[in-house]
Amino acid sequence: MFFETAWTSVAPRTELAILEGHTDRVRDVCPVEAAGRTLLASAGADATVRIWDPAGGEPVRTLHGHTGGVTAVCSTAGLLISAGDDRTVRVWDPGTGRQLRVMAGYRGASPVEVEGRAMVASTTEDGTALWDPVTGQVRQVFRGAGAELSAVRADGRTLVVARAEGAGPGVWDLATGERCWQQRPDAHTSTGVCAVTTGRRVLVAGAGYDKELEGGRIRLWDPVTGRLVRTIEFEPLVEGVLDRVRGVRPLDLDGRQLLLGIGQKTVRVFDPATGARLRAFVVPSDWVESLCVLSLDGRPALAVSERYRDTIWLWDPATGRQLTGVPCEKGWIDTLCAFESGGRTLLAGADGLGRTVRVWDPTAGGPPARHDGHPDEVLGVWPVGDRMISIAAATARIWDPATGERLRTIRGSLFGIADVAELTVDGRPLLAGAFSTYDAGCIRLWDPATGRQVRRLQRRWEEGPTVLCPFTRDGRVLLAAGDESDVRVWDPGTGRLEQETPCGEDVSWLGRVLVEGRPVLVGHHREHGLRIWDPAAAAWQPAPDGLGSGFADGGHAFVLEGRPLVADTDRHGTVHVRDLLTGETRCVLRGHTGQEITGIRVMTVGTRTLLVTSGGTDRTVRLWDPDSGQCALTVPVHHEVVGSAPVGDGLLAVAAPSGVLVYRIRTG
């Protein structure tokens, strides 16, 4: 069995490479030099460190040794350092992958240069240890200091600046490890500290929240005496929007060192000599998630990723000009780093939820390439007779699945689609769509031939309907819809609400199936397990004893060979398929690496009947033999899979956030 791409309508990818291999969240990424080339190292919650060639997007090696998730990676002195949840920090040779040493009882790893030598800071039970990664020798332990250190030369001594645990900034003497001073300002919660040089003078900069100033302040102290030199208020730049300061760091610009103030919604550049704000970047739509400094054409620039958004913004701190936006796929980038490769400055980001490392060329901006598809985020795809419908946040499109011809476009706010069902009213085929509270929790009816909306079945829902079920009662076609606490029945011909039945709180609907030829709804109640609701009889039916116990939320119900089945996924990505009427296990599907299966369907290819599962964040669709539970075919999609559906003879449609892909499945 094999597949080929029939057609696609997806936004072109902007990444130079997508590095896939981690089986759990990617937490950190950094460049590392090995054998004269720049590689990337990533830290995964799957207890591995992986090294990649960003030029070809290929894995180089996987480093095993940590017994828990790896939280951080950094490179210094030609070595790779990793820190993990197992309370160890490990030193690796990035060229060979050989583990050189284990620092037991250490947590976190931050590179720091001290008196011209590359060192690493890690926390221990005794404080923060400054140690040599080449020899493993501990240079000094600073009691009460946080892990992120910086060393400065002042008063003829080398001083170490750090955020003190549970307090503000502090300064320690490198030679003795003794604390020189520590700030404990009232009503001040420290969020970051660094050293910054202004002229010939070194200052300690600390950021923190203040009770009397919601945005917080940046304070500058003399590193020797601890005397407060200057206070910079982090006042709001957008009216009515809280923007608390979360960190500070130095920025070298035009031969002098300035101070970056990193807020929840903005990034600001200050002159530490005067406290004046020189530039400010207001993130266009949301929250500053991560930031890194890079060099573009010999000039410093900032790359800023947003939480809950799909763009990395490039900003010139010298002029305050926004340079470009680098689009990403759905989700956000947890950590950013810059590196040089092939004479270019590139960006790498840890896409935690997507379990990938992504690489971009930040200079390849400009308008996005055109494509014949949705201009907004796609939410799912469904078969409609011999047609196919894809629904996005602001458009729905009806396609000929065999040719990829777009037949109709339906416009309007469609965000929050939960289900689509076909029904016939007075001999007229209609489509019904259930939408969440983002679209007023309504049910929309369309004419699939024209794309015109016929009616909205509207009533206030707490969470919006999540499942639809057409059925016949007294010779009439009706439509049942369920949310987490109610089932409602409508006459789609008149738009009249005929019945409203409470079903208890916390019901998650798995879908609709046929039981003895009658359409029913299958739900899972947090306390009562699986439940079956017959809309024609307006009555609940019990599921087999024990079937609902331990059943995970987010399951699916479907029909295979005339039998109603239910499926749920455990935390290892294994799908358990059971008979709804007997409770017996039909098959167990092992292979997905994600914990969420976004859909399960039945597909016929030639004479074979197969199960199709959409793997969500593992970016695959898999076809299974329902008798043996063996995987017959894996289709790598290289996008997050938000849904899939058989849409014709051997055709399988897959919805990704950036568009729709249709594959032709063949046997032989």
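Atom set for the values below is all heavy atoms of this structure, side chains included, hydrogens, waters and symmetry mates excluded. None of the values given here were measured: they were computed from a predicted structure.
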J.: If you measure from CG on L479 to CZ on R488, what distance do you get to the nearest 0.5 Å?
T.: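 Here the interatomic distance stands at 13.0 Å.
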J.: Has the side chain of R455 got a donor or acceptor atom that lies under 3.5 Å from a matching backbone atom of G493?
T.: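 Side chain of R455 to backbone of G493: a pair is present.
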J.: Answer yes if the side chains of D46 and H22 hold a donor-acceptor pair under 3.5 Å, and no otherwise.
T.: yes
J.: Does any non-hydrogen side-chain atom of V635 lie less than 4.5 Å from one of R622?
T.: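 A side-chain contact under 4.5 Å is absent here.
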J.: How close do S390 and H374 get, heavy atom to heavy atom, and via which atoms?
T.: OG-NE2, 2.7 Å
J.: With R619, which of E640, H639, E20 fulfils side chain to side chain donor-acceptor pair (under 3.5 Å)?
T.: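 Between R619 and the candidates, side chain to side chain donor-acceptor pair (under 3.5 Å) is satisfied uniquely by E20.
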J.: Can you find a side-chain donor-acceptor pair between D243 and T266 that sits under 3.5 Å?
T.: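 Yes, side-chain donor-acceptor contact under 3.5 Å.
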J.: Would the number of heavy atoms belonging to other residues, nucleotides or ligands and lying under 6.0 Å from CD of E214 be above 12?
T.: no
J.: Side chains of V489 and F471, heavy atoms from C-beta outward: is any pair under 4.5 Å?
T.: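 Yes, their side chains come closer than 4.5 Å.
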J.: Among residues at least two apart in sequence or on other chains, which ones pass salt bridge (Lys or Arg N to Asp or Glu O under 4.0 Å) with R452?
T.: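 With sequence neighbours excluded, R452 shows a salt bridge (Lys or Arg N to Asp or Glu O under 4.0 Å) to no residue whatsoever.
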J.: Indicate yes or no: at least one non-hydrogen side-chain atom of M1 is less than 4.5 angstrom from one of L633.
T.: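 Yes. Closest side-chain heavy atoms under 4.5 Å.
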J.: Could you check R666 against E4 for salt bridge (Lys or Arg N to Asp or Glu O under 4.0 Å), going step by step and ending with a plain yes or no?
T.: CA-CA 8 Å; R666 299 187 183 275; E4 58 188 15; 2.9 Å; yes
J.: Verify the distance criterion only: is there a donor paired with an acceptor across the side chains of R244 and Q264 at less than 3.5 Å?
T.: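 Judged by distance alone, the side chains do not pair up.
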J.: Are R563 and D579 within salt-bridge range, i.e. N to O under 4.0 Å?
T.: yes
J.: Look only at the side chain of T8 and the backbone of V10, and say whether a donor-acceptor pair between them is shorter than 3.5 Å.
T.: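 No; judged by distance alone, with no hydrogens or angles, the pair does not exist.
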J.: Between V566 and L530, is a side-chain contact (heavy atoms from CB on, under 4.5 Å) present by the stated rule, with each step listed?
T.: CA-CA 10 Å; V566 292; L530 282 183; 4.0 Å; yes
J.: Would you call I262 and V245 a side-chain contact if the rule is heavy atoms closer than 4.5 Å?
T.: no
J.: Any donor-acceptor pair under 3.5 Å linking the side chain of T466 with the backbone of G482?
T.: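 Side chain of T466 to backbone of G482, a donor-acceptor pair under 3.5 Å: yes, one is there.
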J.: Under a 3.5 Å threshold, yes or no: a donor from one side chain and an acceptor from the other, between H576 and T585?
T.: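 No pair is found: no donor N or O on one side chain lies under 3.5 Å from an acceptor on the other.
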J.: Going through the checks in order, is the side-chain contact (heavy atoms from CB on, under 4.5 Å) test met by I410 and T395?
T.: CA-CA 6 Å; I410 304 168; T395 56; over 6 Å; no
J.: With the side chain counted from C-beta on, respond yes when L580 and V513 share a heavy-atom pair under 4.5 Å apart, and no when they do not.
T.: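 Counting from C-beta outward, L580 and V513 do come under 4.5 Å.
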J.: Find the distance between CH2 (W509) and CG (L521) and round it off to the nearest 0.5 Å.
T.: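 If we round to the nearest 0.5 Å, W509:CH2 and L521:CG are 5.0 Å apart.
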J.: Compare every heavy atom of L242 with every heavy atom of G215, then report the nearest pair and how far apart it is.
T.: N-CD1, 4.4 Å
J.: Using the side-chain contact (heavy atoms from CB on, under 4.5 Å) rule, take W7 and W399 through it: C-alpha gap first, then chi angles, then the decisive distance, then the call.
T.: CA-CA 11 Å; W7 57 271; W399 309 80; 3.6 Å; yes
J.: Would the number of heavy atoms belonging to other residues, nucleotides or ligands and lying under 6.0 Å from CZ of R518 be above 12?
T.: yes
J.: Find the distance between CD1 (I443) and CH2 (W490) and round it off to the nearest 0.5 Å.
T.: 6.0 Å
J.: Might you work through the salt bridge (Lys or Arg N to Asp or Glu O under 4.0 Å) test for D491 and R476, ending with a clear yes or no?
T.: CA-CA 8 Å; D491 183 334; R476 293 183 304 150; 3.3 Å; yes
J.: R586 side chain to A567 main-chain N or O, any donor-acceptor pair under 3.5 Å?
T.: no
J.: Can a donor-acceptor pair be found between the side chains of E306 and W287 at a distance below 3.5 Å?
T.: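 No donor-acceptor contact under 3.5 Å links the two side chains.
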J.: We want to know whether T335 and S290 form a side-chain donor-acceptor pair, criterion being a heavy-atom distance below 3.5 angstrom.
T.: no
J.: Given the ring of F558, does R601 sit roughly above its face, with NZ or CZ under 6.0 Å from the centre of the six-membered ring and within 45° of the axis?
T.: no
J.: Just jot down the side chain to side chain contact (heavy atoms under 4.5 Å, CB included) partners of T598, sequence neighbours excluded, or say none.
T.: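 In terms of side chain to side chain contact (heavy atoms under 4.5 Å, CB included), with neighbours along the sequence ignored, T598 is linked to E596, S614, V641.
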J.: Looking only at heavy atoms, which two atoms of L445 and A432 are closest? And how far apart?
T.: CD2-CB, 3.6 Å
J.: Counting only N and O atoms by type, is there a donor-acceptor contact under 3.5 Å from the side chain of R531 to the main-chain atoms of C503?
T.: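 Judged by distance alone, yes, a pair lies under 3.5 Å.
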J.: Any side-chain heavy atom of V522 sitting closer than 4.5 Å to one from W533?
T.: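 No, side chains not in contact.
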J.: Restricting to non-hydrogen atoms, name the atom on P448 and the atom on L430 that form the minimum distance, rounded to 0.1 Å.
T.: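 Of all heavy-atom pairs spanning P448 and L430, the closest is CD-CA, 3.9 Å.
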J.: Do L611 and V602 come within less than 4.5 Å of each other through their side chains, counting heavy atoms only?
T.: yes
J.: So, for E15 and R358, which heavy atoms are closest and what is the spacing to 0.1 Å?
T.: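 Nearest pair, atom of E15 first, then R358: OE2-NH1, 2.8 Å.
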J.: List the steps, then state whether side-chain contact (heavy atoms from CB on, under 4.5 Å) holds for V26 with D334.
T.: CA-CA 8 Å; V26 180; D334 294 297; over 6 Å; no
J.: Looking just at side-chain N and O atoms, do Q499 and R473 make a donor-acceptor pair shorter than 3.5 Å?
T.: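 Looking only at side-chain atoms, R473 and Q499 do form a donor-acceptor pair, the distance falling under 3.5 Å.
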J.: Check the surroundings of atom CG in D649: do more than 12 heavy atoms from other residues, nucleotides or ligands lie under 6.0 Å from it?
T.: no
J.: Measure the spacing between CZ of R444 and CZ of F435 and express it to the nearest 0.5 Å.
T.: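 Taking CZ in R444 and CZ in F435, the distance rounds to 6.0 Å.
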J.: Is it true that R428 and D426 have a side-chain N and a carboxylate O under 4.0 angstrom from each other?
T.: no
J.: Looking at T23, is its backbone amide N or carbonyl O close enough to the side chain of R355 to form a donor-acceptor pair, meaning the two atoms are under 3.5 Å apart?
T.: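 A pair under 3.5 Å: yes.
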J.: Which residues pass the side chain to side chain contact (heavy atoms under 4.5 Å, CB included) test with D386, not counting sequence neighbours?
T.: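 Applying side chain to side chain contact (heavy atoms under 4.5 Å, CB included) to D386 gives none.
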J.: Using only heavy-atom distances, determine whether the side chains of T494 and R496 contain a donor-acceptor pair under 3.5 Å.
T.: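 Per modelled atom types, T494 and R496 side chains form no pair under 3.5 Å.
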J.: Taking C-beta and beyond as the side chain, do I333 and I312 meet within less than 4.5 Å on heavy atoms?
T.: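 Yes, close enough: below the 4.5 Å cut-off.
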J.: State plainly whether the residues R406 and D400 are in salt-bridge range, i.e. N to O under 4.0 Å.
T.: no
J.: Between A656 and L661, which heavy-atom pair has the shortest distance, and what is it?
T.: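 Smallest heavy-atom distance, with atoms named: CB-CD1, 4.3 Å.
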J.: When you check the gap from the basic side-chain N to the acidic O, do R578 and E584 get nearer than 4.0 Å?
T.: no
J.: Donor-acceptor pair, distance only, cut-off 3.5 Å: does the side chain of T604 make one with the backbone of T609?
T.: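 Side chain of T604 to backbone of T609: no pair is present.
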J.: So, taking the atom named OG in S644 and the one named CG in L652, what distance separates them when rounded to the nearest 0.5 Å?
T.: 5.5 Å
J.: How far does CG of D568 sit from CD1 of I600, to the nearest 0.5 angstrom?
T.: 10.0 Å
J.: Hey, mind stepping through D85 and R27 against salt bridge (Lys or Arg N to Asp or Glu O under 4.0 Å) and telling me if it holds?
T.: CA-CA 12 Å; D85 289 326; R27 291 171 164 174; 2.9 Å; yes
J.: Using the ring of each side chain (for Trp, its six-membered ring), is W624 parallel, tilted or perpendicular to H592, with breaks at 30° and 60°?
T.: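 Geometry flag for H592 against W624: tilted rings.
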